[in-house]
Amino acid sequence: MRFLARRLAFYLVTAWAAITINFLLPRLMPGDPVQTVMERFNGQLSPESSEALAVAFGLDRSKNLFQQYVEYIEHLFHGDFGLSFTYFPTPVSSVVADSLPWTIGLLGVATLVASLLGTLLGCIAGWRRGTWMDSVLPVGAFLRGIPHFWVGLLLVAVFAVGFGWFPVSGGYDPSIPPSLSLEFIGTLLYHSILPALTIVIGSLAGHMLMQRNMMVTTLSEDYVVVAQAKGLSSRRVMLNYAARNAILPAVAGFAMELGLVVSGSLLVEKVFSFPGIGYVMFQAVSNQDFPLLQAILLVTTFAVLAANLFADVAFFVLDPRTRNA
Amino acid sequence: MNAGIEVLPLSETVKKPVLEASDLGKTFHLGGGRSAGGHRKVVAVDAVNLALCAGSTVALVGESGSGKSTVARLLAQLLPASAGEVRLHGEPVHPRTGRQRRRYVGEVQLLLQDPFASLNPVHTIRYQLTRVLRLHGNHAGRRGIEEQLDTLLSTVQLHPASQFLDKYPHELSGGQLQRIAIARTLAASPSVLLLDEPVSMLDVSIRLGILNLLANLKQQQDLAILYITHDIASARYFADEILVMYRGHVVERGPSESVTQHPTHPYTQLLIESAPDPARRGRDAAEVPGIGRGGGAASAAAPTGCPFARRCPFAMDVCFTQMPAVSAVDEEGHEVRCWLNSPETAGGPRH
Amino acid sequence: MTSTAEITKVVTSTRPRRKKRHWLRSRKVLIGASILAVFAVIAIIGPWIAPYDPSATGPDVLMPPSAQHLLGTTALGEDVLSQVLAGTRLSIEVGFLAALISETVAILVGITSGYLGGSADEVLSLGTNIFLVIPVLPLQILIIAYLGNVSWVVTAAVIALTAWSHGARKLRAQTMSIRKRDYVEAARAAGEPAWRIVWFEILPNETAIIATGFLFSVLSGIVVQTGLAFLGLGDVASWSWGSVLRWSESSNAFLTGAWWWYVPPGICLALVGMGLALINLGIDEVVNPRLRGVGRVKTARERTGFSRRLIQLDHDAEHAATTPDDGNSVLEITGLRVDYQTAHGGLPAVRGVDLTLRRGEVLGIAGESGSGKSTLAFAVTRLLRAPGEVVGGSVKYFGRAKDGTPVPPLDVLSASQAQLRRYRWEETAVVFQAAMNSLNPVLTVRTQLEDTIRAHRPTMAAADREDRVGELLELVGIDRSRLGSYPHQLSGGQRQRVMIAMALALDPAVVIMDEPTTSLDVVVQRDIIRCIMDLRTRLDSSFIFITHDLSLLLEIADRIAVMYAGELVELGDAAQIQHQPRHPYTRRLLLSFPVLRGPRRKLAAIDGAAPNLRSIPTGCAFHTRCPLATDICAQQDPPLLALVDQPGQDTTHNATGDPRRVACHHVDETLQLRPVDALIQEELPR
């Protein structure tokens, strides 16, 4: 339990750090941040927008920096991120709340599939090292360098535009009212296949290569030799002895990968105009919507932290050494 | 508890110790980490007294976890001591600046266990030896250095030097590497050598060669040597005096013949009985001595009392509650820290 | 374990001399470097060799590739090839600069944190981990959005300042492990100042990791810059692969089928990525030798060819002196040869060993590292892995049916997989050296013991199995209640007992113990020996006990085989070996063990060291170290001959009538030497 408690403490500190970075960033800009932003818009922003910025930045000139900081955190706890420029005058919190489920659904499923599939393939490739399976190395290396969004472009061009099998963009058919009906879920899945496939293809190779190397390293461990000497079936040696240990570093290193995967996947949403955080982020960039961008950074950080906590629980379950040390 | 132990040198002429340690102690604070209960204190070394004299060898014998290597690191100033004092030539040692530390380590050199690990794989032998020569105030020119390298290597019986100087460690065998490592300690012209298991990683057929080499060096250069080992037979062979350590405490000490031929502490007896003995061949397993089942380093020591009490076949009630004091076994400086030998409790349930 | 350690040792020792630059020679590194070199050249000369001005619009809009426009044109009629060529520079510049900055930060943070440890480390590694977890893209976007229209240098700096944490994390871990290594401790003990230790002792050992980290950073820098440009952030007016993609996307090129517009930049990225990844793979394989082609798996055809060749060799081996099967043998090794295959040919690890294991005996095999004793054990159980390969000889197992009647002998080296699975563990079980590594850390003791039984007795009821497993633990003196324990919850001695219990699970006829007590303390070793000797009286298995400690064998073995440089040099009863060793090596070895009993005396060391596999001396391998050596010893390898009875010598035959065997040209002279035990008892002046 101590292990989990420590991890939890770390996530709290990280969350606090992200909040603080968010608070400090606008203040690092030369001059008055609100003024600077207003100038960029050539005075086209309404006074309300100015107010929104002040809230987003936690900028109340009547107070000192520390009071501003406390107030900023207070606002955050009430879910008050100010108003979005892009979707003015919608509060940032509701823009984020509307788009977050899309991203979590898409990314969650795609990342899970990619890591499970990649781990499985990596284990098999490692087990069968020295055969044709070794060719996953250069192929994987090639796939790894490609940005996710470019894979998305290709898939759209081939399967959506070329063959017309899938919709070109969007998260659902607008003619069907959003509800929990089978019809709507169907269109949802239909629209999600290509973006999900993009993310899976984009991140599969990384998982696979890492897992293969871990598997090969584990295979020369003594307990694997002993398992073979004991006359266990190959399947049992591979699964219970080699793979069972080889996945531990992957689970532990999940955090390292996730930050990158999330970053890569956000761009995919733009390619498909998929109504998640990534798409909103693109809109925010185009409109210099700082309140929204700030909220996105916080929300994605929290989401990654939550995912990491799940990975930690998995590690805790998988590795007895964490349990009672 | 910390009875000041007078160490009687073996030879008849009373020698002045070169390096002394009194009441030396080291407590490690294990970080919160994953250990239950947060910070944990581990007493690795508790009130150890020893004196190293020129031209003689003291052996520190114990199992893994006994704290014997920690003693070497304390004496080499690689770890700060938690308690006690170290004196070099009678002067208390407090190296604070880099220069003071360098002067100290120039006198007191440490030889490590694994020759494959103790030489940096990316540097040539020449580089590694030259560094130590230069560090310890050798300002000779290139030719002078070259001559000294030659001498050093021939001291450790590696000739011709040219065959070794430009090699990388992975190109040499374990025995050769350990000789190089010895040459590296000699490059500082030390007066004290601390040997941490210097032969345990080497093949059996070359161990003796290294020990004999070290014994010769001791005589030629009048070195004071601390020999740390788990092998009490080699301690008997190599050392004049033996200190037996158990869980940070010196439990028995004395001239090496006396300690090995008349072991008094139950732990020393156990150590000696555990060594392989062809005379026992063909005897029934039950006759062979040993400790109770499952015994091992894993069981925790009693919080107070003798650290060996839990494994001791002769343990009495007092052993679990009170730490025994040091008592003399004979007039020759053979001492033991055991209730069985203590005047108050002697003649306990023994034999 | 010995096998892996030994294989790695052999592989390492056969590496070319200039090992330091080895990774530059790997084929993967060469291909990767060539790809990168091409792009580096394009980055430099790209803008000059571009056929058109990349921003010059023209009338030919959205033209597919043609002779005028090799990669077609954009919606504005610009030349795609020129844009890609010109864009290469910026993409690579940003990647390179970002990598330079982030790797510098990573080195500073990682090494400081790893070397200093303590609270400095806690703070730095907390910072590192925070940056590791925060998703970088939203952070980069936010910073660059605040900064406005920034130059490529600023873009690179922002990328670097958010991406250094991966490298720092790896370098911290590596530094922490190097800091604990003996050579750093030795440098500190020698009085080296801290900065020199970091710079000259630690840093040079991290070049591979730093190189890998740098390459990884270059790639991620390029990819991030492409992503940012794709979103329209940073310096979008200049050409880069990302800005080409951005304009193609915003013109809906992928909806109109203008693939030539958006495919080339992606291909370029993938190629650069592949080049970097190949170099990384090459470096990884050097840093982690296990990843190298050690584990080549043989195809079925190779395997049959392999056994056919063995059968042939087997016939040759018939000529060698073998003891006729008197029903008392359980394992018979004849003319066994094992090579380690390397790029420079096979290195002989076992060079023709003949050895017979009798029923119910403890056969000790003594030898130093590299003597081939462990390799022999692995060959006998067919557990040898590449690059180790049996190249000759045979291993026959004489099994018995349940009622005790002999069954036809099994030729172990050409046994089928099914036969092998039965042979392993049911007939021959192994206890390896390092018990910590021999037990699977994530499974309980119960599961690992049950696994063994379930594999061979699939029909056994679960309750019986549970019963048997508990019984096994008690057999080796561990309480049944420890069944639910994981290996890390046991002490070293207990783990080795569990391994012994596992070996006994199926009542094997043969138990091979490879250095079972070597890594244990002497008191624990005694405990394990006691356990083994106790089992020996209760079970009727035969034991092969392999160790470097000849004095231990003298106590516990019935017969002792002494190995030197891959050959058997002497074989005899323990008493014979103890009192009158006949091979000079055995003799000198016995005389070089300090003893606890008898007078304390000066011992003479054996000169030189055991040869390594690459340079085994001609003739008798021991002749370079032997005091009795003459010319013939350097020329002819003496065969292992049975000693004939000689007057005045009563120990040439043991109780079972086995002749004593010695491989020495001067075996008659060794008879004239004084008995070893007399020598040991003799008082000599010190």
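This is a predicted model, so every value here is computed, not measured. Every heavy atom of this structure was used, including side-chain atoms; hydrogens, water molecules and symmetry mates were not. Convention: sequence-line order gives letters A, B, ...; per-chain numbering from 1.
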Worksheet entry | Worked check of side chain to side chain contact (heavy atoms under 4.5 Å, CB included) between A/Thr14 and C/Asn129 | CA-CA 8 Å; A/Thr14 308; C/Asn129 286 335; over 6 Å; no
Item to complete: Go through the steps to decide whether A/Ser263 and C/Gln140 satisfy the test side chain to side chain contact (heavy atoms under 4.5 Å, CB included), and finish with yes or no.
Response: CA-CA 10 Å; A/Ser263 300; C/Gln140 288 158 343; over 6 Å; no
Item to complete: Check the pair C/Gln448 / A/Tyr241 against side chain to side chain contact (heavy atoms under 4.5 Å, CB included), numbers first and verdict last.
Response: CA-CA 10 Å; C/Gln448 299 192 52; A/Tyr241 287 77; 4.1 Å; yes
Item to complete: Might you work through the side chain to side chain contact (heavy atoms under 4.5 Å, CB included) test for C/Leu137 and A/Met281, ending with a clear yes or no?
Response: CA-CA 10 Å; C/Leu137 186 73; A/Met281 183 175 74; 3.9 Å; yes
Discussion item. Between C/Tyr146 and A/Gln294, does the side-chain hydrogen bond (donor to acceptor under 3.5 Å, both in side chains) criterion hold? Intermediate values first, please.
Written reply: CA-CA 11 Å; C/Tyr146 275 130; A/Gln294 292 219 320; 2.7 Å; yes
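Residue contact with chain A, scored on non-hydrogen atoms closer than 4.5 Å, involves the side chain of C/Leu233 exclusively. Contact of C/Tyr486 with chain A is made through the side chain alone, with heavy-atom distances under 4.5 Å. Within the 4.5 angstrom heavy-atom criterion, only backbone atoms of A/Leu318 (N, CA, C, O) approach chain C. Within the 4.5 angstrom heavy-atom criterion, only side-chain atoms of C/Leu219, from C-beta onward, approach chain A. Neither the backbone nor the side chain of C/Asn280 has a heavy atom closer than 4.5 Å to any heavy atom of chain A. Using a 4.5 Å cut-off between heavy atoms, A/Leu248 touches chain C through its side chain atoms alone. Contact of C/Val263 with chain A is made through backbone and side chain together, with heavy-atom distances under 4.5 Å. Residue C/Phe230 touches chain A through both its backbone and its side chain, counting heavy-atom pairs closer than 4.5 Å. Both the backbone and the side chain of A/Leu232 come within contact range of chain C, judged by heavy atoms closer than 4.5 Å. For C/Val223, the part lying near chain A is the side chain, with the backbone staying farther off; criterion is any non-hydrogen pair under 4.5 Å. For a residue to count as touching a neighbouring chain, one of its non-hydrogen atoms must lie under 4.5 Å from one of that chain's; by this rule A/Val271 touches chain C with backbone and side chain alike. With a threshold of 4.5 angstrom between heavy atoms, A/Phe10 approaches chain C through side-chain atoms but not through N, CA, C or O. For C/Ile267, the parts sitting under 4.5 Å from any heavy atom of chain A are the backbone and the side chain alike. Only the side chain of C/Leu245 comes within contact range of chain A, with at least one heavy atom under 4.5 Å from a heavy atom of that chain. Both the backbone and the side chain of C/Thr452 come within contact range of chain A, with heavy atoms under 4.5 Å apart. Contact of A/Ala229 with chain C is made through backbone and side chain together, with heavy-atom distances under 4.5 Å.
In this structure, C/Ile144 CD1 and A/Leu293 CG are separated by 11.5 Å, a value rounded to the nearest 0.5 Å. Here the OG atom belonging to A/Ser234 is positioned 7.5 Å from the CZ atom belonging to C/Arg421, to the nearest 0.5 angstrom. To the nearest 0.5 Å, atoms CD1 (A/Ile146) and CG (C/Leu269) are separated by 8.5 Å.
Shortest non-hydrogen contact noted between A/Tyr223 and C/Pro441 is CE2-CD, 3.5 Å. The two residues C/Pro138 and A/Leu266 have their closest heavy-atom pair at CG-CD1, 3.9 Å. Residue A/Val225 comes nearest to C/Phe432 through the heavy atom pair CG1-CZ, 4.3 Å, listed as atom of the first residue, atom of the second, then distance.
Contacts with chain A were tallied for C/Gly266, C/Ala429, C/Ala277, C/Gly227; C/Gly266 has the most, counting heavy-atom pairs under 4.5 Å. Top candidate by heavy-atom pairs under 4.5 Å with chain A, chosen from C/Ile31, C/Leu139, C/Leu276, C/Leu278, is C/Leu139. Interface summary for chain C: among A/Val156, A/Asp319, A/Leu209, A/Ile21, the most heavy-atom pairs under 4.5 angstrom belong to A/Val156. For the set A/Ala303, A/Pro147, A/Gly278, the count of heavy-atom pairs under 4.5 angstrom toward chain C peaks at A/Pro147. Considering only heavy-atom pairs separated by less than 4.5 Å from chain C, the leading option among A/Ile296, A/Leu219, A/Val262 is A/Leu219. In terms of non-hydrogen atom pairs under 4.5 Å with chain A, the most contact-rich of C/Ser220, C/Ser248, C/Ala270, C/Ser165 is C/Ala270. Considering only heavy-atom pairs separated by less than 4.5 Å from chain A, the leading option among C/Arg422, C/Glu426, C/Met502 is C/Met502.
Counting only distance, with no hydrogens or angles, the side chain of C/Arg424 and the backbone of A/Gly231 share no donor-acceptor pair below 3.5 Å. A donor-acceptor pair under 3.5 Å is absent between the side-chain atoms of C/Trp259 and the main chain of A/Leu154, judged by distance alone.
Counting only heavy atoms from C-beta outward, the side chains of A/Pro320 and C/Gln489 never approach each other to under 4.5 Å. Residues A/Leu297 and C/Ile134 form a side-chain contact, since some pair of their non-hydrogen atoms from C-beta on lies under 4.5 Å apart. For the pair A/Val13/C/Ile130, a side-chain contact is recorded, criterion being any heavy-atom separation below 4.5 Å from C-beta on. The shortest side-chain heavy-atom distance between C/Asn440 and A/Val224 does not fall under the 4.5 Å cut-off. Considering only heavy atoms from C-beta on, C/Val430 stays 4.5 Å or farther from A/Val226 through its side chain.
One finds no salt bridge joining A/Lys230 and C/Asp451 here, because no Lys/Arg side-chain nitrogen approaches an Asp/Glu carboxylate oxygen to under 4.0 Å.
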